[in-house]
Amino acid sequence: MGVNVTTFTDEFTSPVPAARLFKALILDAHNLYPKITPLGIKSIDTIEGDGDGHATYVKHKVDALDEDKMVYAYTLIEGGELATDKIESISYNMTFESSPSGGCIGNNTSKFHTKEGFEIKEEDIKEGKEKAFGVFKAIEAFLLETPNAYV
């Protein structure tokens, strides 16, 4: 046996232009997320060092950031779902493209690297996907209500 890798791909659309959405969701996440979702996200800090292994925080490692192509790839390396004995790491790749209507078409590919003997199914990640979608919709609503933000 060995490490299993399970991949999930999701497409999302938004009436918000791709460049604005990328700036808000990715480039300024550390400032915007705590303001938009203060009960769910207290702060986002870019740090290095040791954590305590509890699920009350997450630590991401940025693998790629291309502002021109609007691509962002990162790996969850501590906390969150990794606090279980099932998952070794989770890597994400997000892309944003302009849609013909002037909005955005995006894709998120998630790769779950599980520890030996474990497998991830769609229903296992449903709650996390719903929470992420809620944050996305809150930021999208903010951008629609604030047309001069992130232009």
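Quick note: residue numbers are just sequence positions, from 1. Note that these values count all heavy atoms, side chains included, but never hydrogens, waters or copies made by symmetry.
Counting only heavy atoms from C-beta outward, the side chains of Y150 and L21 never approach each other to under 4.5 Å. The side-chain heavy atoms of R20 and V151, taken from C-beta on, include a pair separated by under 4.5 Å. Side-chain contact between V62 and Y72: present, with at least one pair of heavy atoms (C-beta onward) separated by less than 4.5 Å. L27 places a side-chain heavy atom less than 4.5 Å from the side chain of L65. Counting heavy atoms from C-beta outward, I87 and I120 have side chains that approach closer than 4.5 Å. With contacts defined as side-chain heavy-atom distances shorter than 4.5 Å, the pair E140/L144 qualifies. Using a 4.5 Å heavy-atom cutoff, the side chains of C104 and V16 are not in contact.
The shortest heavy-atom contact between P34 and A29 is CD-O, 3.7 Å. Here the closest non-hydrogen pair linking Y33 and A24 is CE1-O, 4.2 Å.
Atom-to-atom distance recorded for E116:CD and K86:NZ is 15.5 Å, nearest 0.5 angstrom. Considering CG of L76 and NE2 of H113, their distance stands at 11.0 Å, rounded to 0.5 Å. Residue E119 holds its CD atom at 6.5 Å from CG of N4, rounded to the nearest 0.5 Å. Atom OG of residue S89 and atom NZ of residue K115 lie 10.0 Å apart, to the nearest 0.5 angstrom. To the nearest 0.5 Å, atoms OG1 (T95) and CD (E11) are separated by 8.5 Å. Put simply, CG on N93 and OG1 on T109 are 6.0 Å apart, with the number rounded to the nearest 0.5 Å.
The aromatic rings of Y92 and F112 stand perpendicular to each other, their planes meeting at an angle above 60°, with 30° marking the opposite boundary.
No single ILVMFWY cluster, assembled from side-chain heavy atoms under 4.5 Å apart, contains both V71 and I105. With hydrophobic clusters built from ILVMFWY side chains whose heavy atoms lie under 4.5 angstrom apart, F133 shares a cluster with I139.
At distances below 3.5 Å, not a single donor-acceptor pair connects side-chain atoms of N31 with backbone N or O atoms of D28. Side chain of N107 to backbone of M94: no donor-acceptor contact under 3.5 angstrom is found.
Not counting sequence neighbours, the partners of F22 by the ring-ring contact (aromatic ring centres under 6.0 Å, His included) test are F96. When the ring-ring contact (aromatic ring centres under 6.0 Å, His included) test is applied to F136, the partners found at least two apart in sequence or on another chain are F12.
In the displayed structure, E127 atom CD is contacted under 6.0 Å by at most 12 heavy atoms of other residues, nucleotides or ligands. The number of heavy atoms from other shown groups lying within 6.0 Å of NZ (K129) is above 12.
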Q: Kindly indicate, with the supporting measurements, whether the criterion side-chain contact (heavy atoms from CB on, under 4.5 Å) is fulfilled by N108 and F8.
A: CA-CA 8 Å; N108 181 38; F8 299 99; over 6 Å; no
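Remark: the T75 side chain and the D63 side chain contain an N/O donor-acceptor pair separated by less than 3.5 Å.
At a threshold of 4.0 Å, the pair K126-E122 does not count as salt-bridged, since none of the basic side-chain nitrogens sits closer than that to a carboxylate oxygen.
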